[in-house]
2 protein chains.
Amino acid sequence: MLSKKCKYAIHALVYLAERYDQGPVQIEEISKKQHIPHKFLEAILLELRHAEILESKKGKGGGYFLVKKPSEVNLMQVMRLIDGPIALLPCVSLHFYDRCEECKNEKTCGIRDSLTVVRDETLRVLEQSTLAKILKREKQLAQK
Amino acid sequence: MLSKKCKYAIHALVYLAERYDQGPVQIEEISKKQHIPHKFLEAILLELRHAEILESKKGKGGGYFLVKKPSEVNLMQVMRLIDGPIALLPCVSLHFYDRCEECKNEKTCGIRDSLTVVRDETLRVLEQSTLAKILKREKQLAQK
DNA sequence: CATTTAATCTATTGAATTAGTAGGCTTTTA
DNA sequence: TAAAAGCCTACTAATTCAATAGATTAAATG
C-alpha cells in the first residue's frame, strides 16, 4: 500500500497541476485545501523540489510550482521517489535492486518470475498515469 | 514490498509442495532448510493451517503438510493472508476495502482509475502463480 | 534598510508495524 | 508415562511512518 506521505504528495501535485503556469502556490493553501498537515507537506514538497519536479520561490508571493509539464510527471516517478521500490521483492526491483536473503540462490528461485511480470505490468500502468491524465479524469468525474 | 513473514510463508509452502503426499514435515526441518527462525515459522504455519491451506499432526512423527493440491494454492491467497491488501490504496481494494481519508470524495478522485487497473493486473498474475508452477520453474532453473 | 512573508534545514518525538522470543500447555505415539 | 511435536498467549526489540518544533535563510515591499 502507498504511504500517507505518498498520497499527500500525489494530491499536492495534482493540485499544483491544476494551477500550472499560474505562479507559485503557498504551502499553506495546499495544506488547507488538501487537508495535509502543514509541516509534513513542507517536507514532501521539498523532496519533490530536490527531485526537480517542483521549484519554489521564497518570500512574499512565494510558494511552490511545477517545473515539469503535468503530462511529464507520472505516478511511477512519484511513488519511487516517496515510497521507494515498486517491485514486490528487492531482487526483482529495477531501481532499488538488492539480493533477497530469503532465497538462498537467486538463479533457481521460482518466485521471481511472476513478480517480475507484476512489476512490469505495474510500471506500465503507473508510467502512463500522468498528472495531466489524472486531472482530466477528475474533471470528467466532477461533471457527472 | 512483501514482508519477510510473507516470503517465509511462500518458501515454506514451496518446500511442502515438493513433499506433497509424503506425510508430515516437521517445523524444525523447514526452519533449517529454509533458514527461517523456528518460532516465527511456527506462527506462520499456524496461520496457514487456520486458513485451511495446511494441516498438522501432533506428537512424534507429526508435522505440517498441504491439504490443498500445489496447483490450488497461489500467491494471491498467500499474500492476502499474510500481508493483507494487494491494492495500492484501501479505497481500491477488493478484500480490504476502506475509504481513503485523503481523497475527500471518492467519486471524483482521479487516482483510483489507474490503481484499479494495477490491482487487476497484479491479481491476474498472482492468481496464476501456483505452488505447482513455482516448483516446476525451480526444477527447470536448477537443471541449467 | 527594516519588516514581513514564506520556504529551508536539523532534530526530535510518538505511534504503529514488523520481526522475533519465551515459556508453558496439549496432543500423539511408542 | 515419557518423549516428541505442534498450540497458544504474552512480551520485547527494532524499524518505519507520521508528525512537530524551532531556528535560519531568502525575497519582496514600503
Side-chain angles (χ1 to χ4, degrees), chain A residues 1-12 16 23-32 34-67 79 81-85 88 90 96 98 100-102, chain B residues 1-12 16 23-32 34-67 79 81-85 88 90 96 98 100-102:
Chain A
M1 300 271 260
L2 299 189
S3 65
K4 282 189 129 184
K5 190 175 174 187
C6 191
K7 290 188 240 174
Y8 288 155
I10 296 168
H11 285 295
L16 288 172
V25 181
Q26 292 161 31
I27 296 178
E28 185 58 19
E29 179 184 337
I30 308 174
S31 160
K32 275 193 178 142
Q34 299 296 313
H35 309 102
I36 307 172
H38 185 104
K39 278 293 198 176
F40 197 17
L41 179 59
E42 211 176 283
I44 294 166
L45 296 177
L46 203 56
E47 250 180 277
L48 291 167
R49 203 207 67 180
H50 288 148
E52 295 177 339
I53 293 171
L54 298 183
E55 223 168 75
S56 67
K57 221 183 141 217
K58 285 186 175 183
K60 190 164 189 181
Y64 277 97
F65 51 96
L66 272 170
V67 264
M79 289 186 193
L81 182 69
I82 305 291
D83 280 351
L88 293 170
F96 299 84
D98 195 8
C100 259
E101 320 142 36
E102 287 77 20
Chain B
M1 299 273 261
L2 300 189
S3 66
K4 281 189 127 184
K5 190 175 174 185
C6 192
K7 289 189 240 175
Y8 288 154
I10 296 169
H11 284 295
L16 288 173
V25 180
Q26 293 160 30
I27 296 178
E28 185 56 19
E29 179 184 336
I30 308 174
S31 162
K32 276 195 177 141
Q34 298 296 311
H35 309 102
I36 307 172
H38 184 105
K39 278 292 197 176
F40 198 17
L41 180 59
E42 207 176 288
I44 294 166
L45 296 178
L46 202 55
E47 250 180 276
L48 292 166
R49 202 206 68 179
H50 289 148
E52 296 177 339
I53 293 171
L54 297 182
E55 226 168 73
S56 67
K57 217 181 145 220
K58 284 187 176 182
K60 188 162 189 182
Y64 276 97
F65 51 96
L66 273 171
V67 264
M79 288 185 194
L81 182 70
I82 305 293
D83 280 350
L88 292 171
F96 299 84
D98 195 8
C100 258
E101 320 142 37
E102 287 77 20

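These values consider heavy atoms only, across backbone and side chains, with no hydrogens, waters or symmetry-generated copies. Here is the naming used below: chain letters follow the sequence lines, and residue numbers restart at 1 for every chain.
Read 5' to 3', the first and last nucleotides of DNA chain D with an atom closer than 4.0 Å to a heavy atom of chain B are dA4(D) to dC8(D).
If you take CE of Met1(B) and C1' of dT18(C), they are 14 Å apart, rounded to a whole angstrom. Distance Glu28(A) CD to dT4(C) P: 19 Å, rounded to the nearest Å. One atom, CD1 of Ile82(B), and another, P of dG20(C), lie 14 Å apart when rounded to the nearest Å.
Closest of all the heavy-atom pairs between Leu54(B) and Leu16(B) is CD2-CD1, 3.6 Å. Nearest approach of Ser31(B) to Leu41(B), heavy atoms of both residues: N-CD2, 3.4 Å.
Remark: Lys32(A) pairs with Glu28(A) by the salt bridge (Lys or Arg N to Asp or Glu O under 4.0 Å) rule, at least two apart or across chains. Looking at residues two or more places apart in sequence or on another chain, you find no ring pair (Phe, Tyr, Trp, His ring centres under 6.0 Å) involving Phe96(A). Scanning for salt bridge (Lys or Arg N to Asp or Glu O under 4.0 Å) contacts around Glu101(B) gives Lys4(A), with sequence neighbours left out.
Taken from CZ in Phe40(B) to NZ in Lys5(B), the straight-line distance is 6.0 Å, to the nearest 0.5 Å. The structure places CD1 of Ile44(B) at 15.5 Å from CZ of Arg49(B), a figure rounded to the nearest 0.5 Å.
Residue whose closest nucleotide on DNA chain D sits further toward the 5' end, between Leu2(A) and Tyr64(B): Tyr64(B).
Checked by atom type and distance alone, the side chain of Asp83(A) never pairs as donor or acceptor with a backbone atom of Cys6(A) at under 3.5 Å. Not a single donor-acceptor pair under 3.5 Å links the side chain of Ser56(B) to the backbone N or O of Gly63(B).
In this structure, the side chains of Ile27(A) and Leu45(A) come closer than 4.5 Å at one or more pairs of heavy atoms. The shortest distance between side-chain heavy atoms of Pro90(A) and Pro85(A) does not fall below 4.5 Å.
Contacts between residues 39-54 of chain A and DNA chain D, defined by a heavy-atom separation below 4.0 Å, involve Lys39(A), Phe40(A), listed by number.
In terms of phosphate contacts, Tyr8(B) brings a side-chain nitrogen or oxygen within less than 4.0 Å of OP1 or OP2 of dG20(C).
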Find every protein N or O atom lying less than 3.5 Å from an N or O atom of nucleotides 28-30 of chain C, and list the pairs.
| from | atom 1 | to | atom 2 | distance (Å) |
| --- | --- | --- | --- | --- |
| dT29(C) | OP1 | Lys57(B) | NZ | 3.2 |

